[in-house]
2 protein chains.
Amino acid sequence: MPESSGAELALLLLGGFRSMVDAVQRELAERGHGGVRPVHEFALRAIGAGADTASDLGRSLGVSKQAAAKTIAFLETHDYIRRESDPDDARRKRLRITRRGDELLTVGQALFDDVRAHWGRQIGAEELEVLEAQLARLVGSGYPLSSIPGWLASELGESAS
Amino acid sequence: MPESSGAELALLLLGGFRSMVDAVQRELAERGHGGVRPVHEFALRAIGAGADTASDLGRSLGVSKQAAAKTIAFLETHDYIRRESDPDDARRKRLRITRRGDELLTVGQALFDDVRAHWGRQIGAEELEVLEAQLARLVGSGYPLSSIPGWLASELGESAS
DNA sequence: CGGGGTAGACAACCTGGTTAACCATCTGCT
DNA sequence: AGCAGATGGTTAACCAGGTTGTCTACCCCG
């Protein structure tokens, strides 16, 4: 019997992810960004990276444009983005990140980095880098931030408030 | 700017989890256990570990007893468990794992272990153990298999089939 | 024997996805 | 010029997997 089973390893990975996300979410809420889930941050980032229409955002996030529209609605009603009509294409509603959206992005990134730094202090910065490198190798492509696969969205959801 | 941002680390962890789970799920489907999601395996494991009623299972899994009942319904209709009335307590319907359920458990565990072994071959068995130890430390409590927190359930779901 | 707590079932609802259908608009080709 | 087809956005219906609330049957304890 192995010291650690494969199933436990899976749980460990998930647990690590949740630890990070929960911490960030909690801090975000305390900084006036309550209700924001990491998926919103990633969507915002994708918009900033050029996905400035609902269809584009859907493609970037790997979800349907309808699902993207719901995320956009949230971001708009919470004043993270504005939608303005495109003079060059009357079908499009171009997405523009607001000042508040920029702030969320900045704060969110800093919080994630904080958690990472905290981890680095626990196991050592070098060890953390090794861990990341190994993980990246195991996962394969590495899942760059700029193109988040669809399955991510549901994982980033809130879990039973 | 850090080589790897905190957000990327989070994605890496999630990606690792998904890699494992997807692989196991795929293999499971090929072995006649299509439609089974890891959450079902964990539920089965919890039942085997003593959570032999819906309420118990709900507590073990950290979800409501109604949610547990839905999982139980799945397991029963797919012949992984049987429900039999408890002679000592007429309220209860005791859950018993069937032969097929046992097989699922065995196969599932083996598949998870296979993935882990595969990973061990990629980065080295010792390195993998170190990685696990570090992860366990970072996550904190370690999320033992026997008591799965509620937020797990949604993470184990299928993503857009 | 009666009251409080527990097991299970049922119903209504929420969230965050999906597909399908539709209209307006753009683009490319004839 | 004009039309066919692709694209952007919206709305609607649906689904999965959770939630809470309520109800009944039943156990246990004073």
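The structure displayed is predicted, hence computed values, not measured ones. Any value given below was found using the heavy atoms of this structure, including those in side chains, with hydrogens, waters and symmetry copies removed.
Judged by distance alone with a 3.5 Å cut-off, no donor-acceptor contact links the side chain of A/Lys93 to the base of D/dG8. Scanning atom types as modelled, no donor and acceptor separated by under 3.5 angstrom connect the side chain of B/Gln66 and the base of D/dG17.
Residues passing the ring-ring contact (aromatic ring centres under 6.0 Å, His included) test with A/Tyr80 are A/His33, sequence neighbours excluded.
Counting heavy atoms from C-beta outward, A/Leu128 and B/Leu9 have side chains that approach closer than 4.5 Å.
In this structure, the separation between NZ on A/Lys65 and CD1 on A/Ile72 is 11.5 Å, given to the nearest 0.5 Å.
Nucleotide C/dG16 holds its C1' atom 15 Å from the CD1 atom of A/Ile72, rounded to whole Å. A/Asp86 has its CG atom 11 Å from the P atom of D/dG8, to the nearest Å. One can place NZ of B/Lys70 at 11 Å from C1' of C/dA12, the figure rounded to the nearest angstrom. Per the geometry, CD belonging to B/Glu84 stands 18 Å off P belonging to C/dA7, to the nearest Å. Note: CG (A/Leu61) to C1' (C/dG16) measures 13 Å, nearest angstrom. One interatomic measurement links the two molecules: CZ of A/Phe74 to C1' of C/dG16, which rounds to 13 Å at whole-angstrom precision. Rounded to whole Å, the distance from CZ on B/Arg92 to P on C/dG5 is 18 Å. Taking atom CZ on A/Arg59 and atom P on C/dT18, their separation rounds to 14 Å, with Å as the unit.
Salt-bridge annotation for B/Asp56 and B/Arg59: present, with a side-chain N of the basic residue lying under 4.0 Å from a carboxylate O of the acidic one. Under a 4.0 Å N-O distance rule, the pair B/Glu41/B/Arg45 qualifies as a salt bridge.
Within the 4.0 angstrom heavy-atom criterion, base atoms lie near B/Ser64. Nucleic acid contact for A/Arg83: sugar-phosphate only, since backbone atoms but no base atoms lie under 4.0 Å from a heavy atom of the residue.
Candidate nucleotides D/dG18, D/dG8, C/dG8 were compared by shortest atom distance to the side chain of B/Lys65, and C/dG8 ranks first.
OP1 or OP2 of D/dG17 has at least one side-chain nitrogen or oxygen of B/Arg37 nearer than 4.0 Å. In this model, the phosphate group of D/dG9 is approached by a side-chain N or O of A/Ser55 to a distance below 4.0 Å at OP1 or OP2.
Exactly one of A/Leu104, A/Asp52, A/Leu105 qualifies for a side chain to side chain contact (heavy atoms under 4.5 Å, CB included) with A/Ile97. That residue is A/Leu105.
Judged by distance alone, with hydrogens and angles left aside, the side-chain atoms of B/Arg100 form a donor-acceptor pair with the main-chain N or O of B/His78 at under 3.5 Å.
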Legend entry - Summary of protein contacts for nucleotides 25-30 of chain D, nucleotide by nucleotide, where a base hit scores B, a sugar-phosphate-only hit scores S (4.0 Å, heavy atoms): BBS---
